[in-house]
Amino acid sequence: KDVNWNIAVSFKAELQTYEGVKVYLTKGFGEWYSNTGRGRFGKILGADIFISCHNNSGTNTDARGAMVFGTVNSQYSEQMKKLGNIILRNLSEIGIPNSGYRQRGSTDNPAVDFYTALDEATKSGIPSMIIEHCYLSNPSDSAFIANLDNQYRCGVADAKAVAEYYGLKKRTVNAGSNVNLIRTYSAQFNGTGTFKSSDENIVYVSSTGLMTAKSEGSATITCVAADGSESQIVVTVPKVVQVGVAAGINPTFFDSQASAEKYGESSRQTQDWIIKLNNAEAAQFELEHAIEENNQALQGQDQEMVGL
């Protein structure tokens, strides 16, 4: 679960550096939504594609490598095959063997996807795929994907494949500009030199000039060139407006009052589940904080290396 989450977060972060893109996670760390709910969620948001980040496992410990399962839906199958092969190429370039693009139809109806997540997404009019990055049951794959940096590299490789498929361009900003940047989204300062932010709690800037919005407010990003000249960009991060989407979980119907009391919202089982969900949300916050600290530490190492 942690590995899949780290890949998905990295995937999202990299894709958000491109123009004209909005990225949504259909569930948070430790959360559960029905596959039907996730498909409907995508439809309400007007999603162009549904991609599920996974890792594989099996009884054959020799099996290894990345594979992509695309929908069998004839309306989208060729599109997903093209994108899937770009993803597999990118993953092979970072050291994961290519185990091929595949489809899997239902046992009862080969024209319907075996995997419910893909089937429900296509029923909602969204092309879909599952990326199986590594085999956790294979020693080599397991060792590779256990490395946090490799998890991030997988997410970046996935995102770059999507960008290539859709012909996306990096979001760049010229000096002297005033721009709005949605929280967690990034843009590249079009310039070379040493970069600094007037408030890193609002906008963080990397040693390469990648500006990432962190919280509501405004910050000035300054680039100091080799000759000492300075150029600036003012970045404003607008307030996040939370939108309620009533599509996450399917409605539940009970066949009797007794069943409703036993399994409904007031039941001990449901209350335990809510506690676990709250704990999972807290764990998600801690993980995001740890990832942020790790990224800042890596940026610090980059600056030290530049100083050498």
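- Using a 4.5 Å cut-off between side-chain heavy atoms of Ile, Leu, Val, Met, Phe, Trp and Tyr, with links allowed through other members, I233 and I182 fall into the same hydrophobic cluster.
- S198 contributes a side-chain N or O that, together with a main-chain N or O of T220, makes up a donor-acceptor pair within less than 3.5 Å.
- Judged purely by atom type and a 3.5 angstrom limit, Q103 uses its side chain to pair as donor or acceptor with the backbone of T71.
- Within the 3.5 Å criterion, the main-chain N or O of S186 finds a donor-acceptor partner in the side chain of R171.
- A pairwise comparison of heavy atoms in I145 and Q151 identifies O-NE2, 2.8 Å as the closest pair.
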Can I get a per-line list of side-chain donor-acceptor pairs under 3.5 Å for residues 14-21, giving both atom names and the distance, sequence neighbours left out?
unit_1 : atom_1 : unit_2 : atom_2 : d
E14    : OE2    : K170   : NZ     : 2.8
Q16    : OE1    : K12    : NZ     : 2.7
Q16    : NE2    : T184   : O      : 2.8
Q16    : NE2    : T184   : OG1    : 3.2
T17    : OG1    : E14    : O      : 2.6
T17    : OG1    : K170   : NZ     : 2.8

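- The side-chain hydrogen bond (donor to acceptor under 3.5 Å, both in side chains) check on N4 picks up N55, with sequence neighbours excluded.
- A side-chain contact (heavy atoms from CB on, under 4.5 Å) with C154 is found for exactly one of V3, I131, I94, namely I94.
- Partners of F50 under the ring pair (Phe, Tyr, Trp, His ring centres under 6.0 Å) rule, at least two apart in sequence or in another chain, do not exist in this structure.
- Through side-chain heavy atoms spaced under 4.5 Å, either directly or across other Ile, Leu, Val, Met, Phe, Trp or Tyr residues, L118 is tied to M67, F69, F114, Y115, I130, Y135.
- Transitive grouping of hydrophobic side chains (ILVMFWY, heavy atoms separated by less than 4.5 Å) keeps V9 and V156 in distinct clusters.
- The backbone N or O of T208 sits less than 3.5 Å from a side-chain atom of Q188, completing a donor-acceptor pair.
- Formation of a donor-acceptor pair under 3.5 Å by the N73 side chain with backbone atoms of T122 is not found in this model.
- Distance check, rounded to the nearest 0.5 Å: NZ of K22 to CG of D48 gives 12.0 Å.
- In terms of modelled atom types and a separation under 3.5 Å, the side chain of S197 and the main chain of D199 share a donor-acceptor contact.
- Every residue meeting the salt bridge (Lys or Arg N to Asp or Glu O under 4.0 Å) condition with R64, not counting sequence neighbours, appears here in chain and number order: D141.
- In terms of modelled atom types and a separation under 3.5 Å, the side chain of N150 and the main chain of F144 share a donor-acceptor contact.
- Judged by distance alone, with hydrogens and angles left aside, the side-chain atoms of E132 form no donor-acceptor pair with the main-chain N or O of V68 at under 3.5 Å.
- Between the S92 side chain and the R89 main chain, a donor and an acceptor come within less than 3.5 Å of each other.
- With sequence neighbours excluded, no residue forms a ring pair (Phe, Tyr, Trp, His ring centres under 6.0 Å) with F11.
- Each of V72 and V112 belongs to its own hydrophobic cluster when Ile, Leu, Val, Met, Phe, Trp and Tyr are linked at side-chain heavy-atom distances under 4.5 angstrom.
- Here the closest heavy-atom approach between residue M80 and residue I49 is recorded as CE-CD1, 3.7 Å.
- Nearest heavy-atom pair, S215 versus N201, reported as atom, atom and distance to 0.1 Å: OG-O, 2.6 Å.
- Residue I96 comes nearest to A66 through the heavy atom pair CG2-N, 3.5 Å, listed as atom of the first residue, atom of the second, then distance.
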